[in-house]
Amino acid sequence: AQSVAQPEDQVNVAEGNPLTVKCTYSVSGNPYLFWYVQYPNRGLQFLLKYITGDNLVKGSYGFEAEFNKSQTSFHLKKPSALVSDSALYFCAVRGLDTDKLIFGTGTRLQVFP
Amino acid sequence: DTEVTQTPKHLVMGMTNKKSLKCEQHMGHRAMYWYKQKAKKPPELMFVYSYEKLSINESVPSRFSPECPNSSLLNLHLHALQPEDSALYLCASSQDWGAYTEAFFGQGTRLTVV
């Protein structure tokens, strides 16, 4: 069965500092990995995905994620955090032979001025 | 147009009511989804339609009844709900059934069952 884990319920970072939101995955075969962001009382917005190729994936709003096969991780990063980045972030995985997009438990990012 | 539109945004219904949630996309996407999200929890998959046919039902109670009238529309019919069904209901669509395609989400319908 496929799954993703987000080990941190909350990440706090000062504005201007780099941020990392962690995600590890478990899937048989090649993983298809996604990051989404959710602002209060809103739907999910797609940030980026890893399908194949370069391990460093660039996405929307200056976010990027690094795929590491040996560590089964797909951490979300941004070089310089903004207060407006404060939101709930979800990592998700989809296996090759399934239409199910399975989400992690979410990490709340709080960026302080 | 990269939008998934859900109506209504908010819905309050009694346990004996019948109501419907609506979802629409005009991106030519052939897979559409219903998710349920409780506060501070991840979205939970309920149903998947692929090419207008129900492909996945995650053992959802029959008081929730999905319908896909055409490739652009997805409905969720609600009947005899319970207070614990109160949640944010999210619709999503993706280009195809393929594992590599990202899903686009609507803003959700906040449902309260009283």
Side-chain angles (χ1 to χ4, degrees), chain A residues 1-6 8-10 21 23 25 27-53 57 59-60 63 65 67 74 87-110, chain B residues 2-7 9-10 21 23-25 27 29-51 53-60 87-112:
Chain A
Q2 61 199 44
S3 64
V4 287
Q6 294 181 245
E8 301 156 317
D9 289 336
Q10 180 152 332
V21 182
C23 172
Y25 66 90
V27 64
S28 55
N30 293 326
Y32 298 93
L33 297 158
F34 305 81
W35 275 103
Y36 287 83
V37 59
Q38 186 175 33
Y39 295 96
N41 298 312
R42 303 292 292 272
L44 279 70
Q45 293 179 31
F46 168 73
L47 284 178
L48 50 78
K49 66 180 178 183
Y50 173 81
I51 304 302
T52 187
V57 179
S60 305
F63 284 94
F67 172 70
F74 188 55
L88 188 56
Y89 289 80
F90 289 102
C91 182
V93 68
R94 181 185 270 162
L96 181 61
D97 59 351
T98 177
D99 204 26
K100 297 184 183 183
L101 187 62
I102 304 300
F103 289 88
T105 50
T107 298
R108 184 162 303 281
L109 174 67
Q110 192 74 43
Chain B
T2 57
E3 280 196 359
V4 175
T5 305
Q6 289 187 244
T7 55
K9 287 187 169 48
H10 301 274
L21 309 185
C23 174
E24 190 168 5
Q25 58 87 13
M27 295 178 278
H29 288 177
R30 305 316 298 260
M32 296 186 76
Y33 314 80
W34 281 114
Y35 281 84
K36 173 183 177 181
Q37 187 180 25
K38 301 285 262 185
K40 300 181 182 180
K41 297 292 186 183
E44 297 175 8
L45 183 65
M46 299 175 71
F47 302 104
V48 179
Y49 273 82
S50 181
Y51 289 84
K53 289 187 174 10
L54 184 65
S55 61
I56 295 176
N57 177 342
E58 289 288 276
S59 303
V60 179
L88 182 67
Y89 287 84
L90 294 165
C91 174
S93 69
S94 63
Q95 184 177 1
D96 207 338
W97 194 87
Y100 53 87
T101 57
E102 64 270 28
F104 292 85
F105 283 79
Q107 294 197 7
T109 295
R110 176 74 59 191
L111 174 67
T112 303

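To find a chain, count down the sequence lines: A is the first, B the second, and so on, and within it residues start at 1. These values consider heavy atoms only, across backbone and side chains, with no hydrogens, waters or symmetry-generated copies.
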query = So which part of Glu44(B) gets closer than 4.5 Å to some heavy atom of chain A, the side chain, the backbone, both or neither?
reply = neither

message = Over 60° means perpendicular and under 30° means parallel, so tell me whether Phe103(A) and Tyr35(B) are parallel, tilted or perpendicular.
response = perpendicular

ask   = Of the backbone (N, CA, C, O) and the side chain (C-beta and beyond), which part of Glu58(B) lies under 4.5 Å from a heavy atom of chain A, both, or neither?
value = side chain

inquiry  = Quick check on the interface: out of Gln37(B), Arg110(B), Lys9(B), Lys40(B), who has the most heavy-atom pairs with chain A under 4.5 Å?
reply    = Gln37(B)

request  = State the CD-CD1 distance between Glu102(B) and Ile51(A), to the nearest 0.5 angstrom.
outcome  = 7.5 Å

Residue part contacting chain B, namely of Gln6(A), when any heavy atom lies under 4.5 Å = neither

query = When rounded to the nearest 0.5 angstrom, what distance separates OH in Tyr25(A) from OH in Tyr50(A)?
reply = 8.0 Å

task = Counting only heavy atoms closer than 4.5 Å, note whether Tyr39(A) contacts chain B via side chain, backbone, both or neither.
result = neither

request  = Taking all non-hydrogen atoms of both residues into account, name the closest pair between Ala103(B) and Ser94(B) and its distance.
outcome  = CA-CB, 4.1 Å

ask   = In this structure, which one of Glu24(B), Met27(B), Met32(B) forms a side chain to side chain contact (heavy atoms under 4.5 Å, CB included) with Val4(B)?
value = Met27(B)

